[in-house]
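Structure record follows, encoded as structure tokens.
The residues of the chain are indexed from 1 along the displayed sequence. Quantities reported herein were computed from a predicted structural model and do not represent experimental measurements. All ligand and atom numbering here is 1-based and tracks the order in the structure.
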Amino acid sequence: MDYDLLIRGGRVVDGSGLPSYVADVGVKDGKIAEVGRLKGSAARTIDADGLAVAPGFIDHHTHLDAQMLWDPYGTCEPQHGITTVVMGNCGLSLAPVKQGIEDAIVKSFVRVEAIPRSALELGVKWNWRSYGEYLDNLEGKVGINVGGLVGHIAVRHHVMGEEAVERKATGAEVQKMRGLVLEAMEGGALGISTNRNERHMREDGKPVASRLADDEEFYALCDVLAERNGGVIETILGRNKIEHFKWYHELAQRTQRPVLWQSLQHRWAEPNLWREQLDAVEPIFKAGYQAYGLSHTVPLVRHFTLKDCQVFDEFPTWKNLMFLPVEARNQAFADSDTRNKLRADLANPAPTNFHKRWDILRVEKVVKPENQKYAGKNIEELGKMRNQDPLDAFLDLALEEDLGTVFWNANNGGDWNAMGEILRSPYVLVGTSDAGAHVQFGADFGYGTILLGLWVRERQVMTLEQAVHKLTFHVASIFGLPGRGLLRPGYTADVAIFNPQTVNAHEPEMASDYPAGSKRLIQRADGMHYTIVNGSVIHEDGRMTGELPGQVLRGPLYREQKAAA
Ligand SMILES: [Zn+2]
């Protein structure tokens, strides 16, 4: 046999961003052997006529550190064409660990990433100490490729125990942390991550350990990467502020390593922030340093009725009303004094997540046939049609329908033009799936299929070639994954085969496939036909084949050590 696998007649979108072309792709020994009009024999042939053949997608922002231990596919990653995942983001990793700090790590994961404690207790066996040993645990047992960052939180607890959530580190402690970071990098970590988000607490209400670190400490840890010239630095600082860009610049300049920051997205509540962020990051790149903003492809849409609604939880009067029994709530909504208080809540100029715009919130589904004329109208239009103030129109319609009216809202990502500019920016890294985290509140495995379906096919904010580049070679380049992210001879045969006319993600749905039967959201895809990892088909039209060809992808310092040995 000339090839183990021959993919015939597809449209090769090779990950470089260059125009696609029709060709066959021959795979041998886990690598792309040839691309072109191929005549050789093959053990298996896939007819890809009418389909796109692309490098497998690389999901760089996951929290699958625990899930990969019990689920070799990181389900539902392969269903969306993802062949490689990076774990250990936002300061959180399951290594290095020493006896006695396991629960400090669990407490952080449970609260920050909202992973059920029962699943972690049952699924994580702690049969490792160093980062390298943690990765060893995954060798030969995974269906997709995995790499990871070493999390600042574990490193800090390792050196300081519980005092890590109470105080600054001493100089001697920082030196010990540097030793652990070096050991993790030599054991195969792809970089380091930290977390300074003011909202990120442990299960016991204490701040996560990395929040107690000052610049001096974190810079000293990042210097390890700078001194050895390898790895990425991933950060989360919390509420986006333009002052942060000074910090990103300083860190990127000091280390000359790629710095990743969260996040760059369009938000109606601060509609110009994304542009200010793009303007603020440009000088860093112009000066020759890398500081990529992470962005999301998924508009944050909420469908709600006034029977069950969290959209207004940040406004005290609204929130109190939502906790009333439905009868009492009906009365309150009808009362003019209460309405004035609701109005006053919305008029408060303090920054909020809700955009406070009646032209964005809209009627999605009505209960009564005579109200059908309002379906699809935004609340401002509704007010005009009913000759009412928008708030009165909104509440009166809901009251007429016993609070059964379904409304639609999106705080983020709803402006096509803004999203186009954000997603096209060369300074933006697409995808914040957070796979493996917030498992009962959301599932964004489909950030890639949504990019291809919603943003490329429906909204045409970029070409298919540009989108595939964003999902593949762009990520492989920044994370230093040699031999991945392009469909070229000699590259690893990680491949996604999909139909550009139908590819998209479903709405998430509840499943109970976590340890201890814990519930979580999964997400299916349309139009993703084959997912191939290191030359083996692992996913075929929604069905997993059971193959486990995934590799542990170890970083530059590990490879350097190995080459020297
Ligand atoms: Zn995260």
Give me the protein N, O or S atoms that fall under 2.8 Å of the Zn ion (ligand 1), sorted by chain and residue number. H61 NE2, H63 NE2, C90 SG, D434 OD1

CG-CG distance between L423 and L451, expressed to the nearest 0.5 angstrom: 6.0 Å

For residues F57 and H80, establish whether the separation of their ring centroids is below 6.0 Å. no

Measuring centre to centre across the rings, with the benzene-like ring taken for any Trp, is Y292 within less than 6.0 Å of H474? yes

Take the angle between the ring planes of F218 and H152 and call it parallel below 30°, perpendicular above 60°, tilted in between.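 Ring orientation, 0 to 90° scale: parallel.
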
Over 60° means perpendicular and under 30° means parallel, so tell me whether Y248 and H244 are parallel, tilted or perpendicular. perpendicular

In a check of side-chain hydrogen bond (donor to acceptor under 3.5 Å, both in side chains) between R267 and each of N353, D415, N411, which one passes?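 Testing each of N353, D415, N411 against R267, the sole residue satisfying side-chain hydrogen bond (donor to acceptor under 3.5 Å, both in side chains) is N353.
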
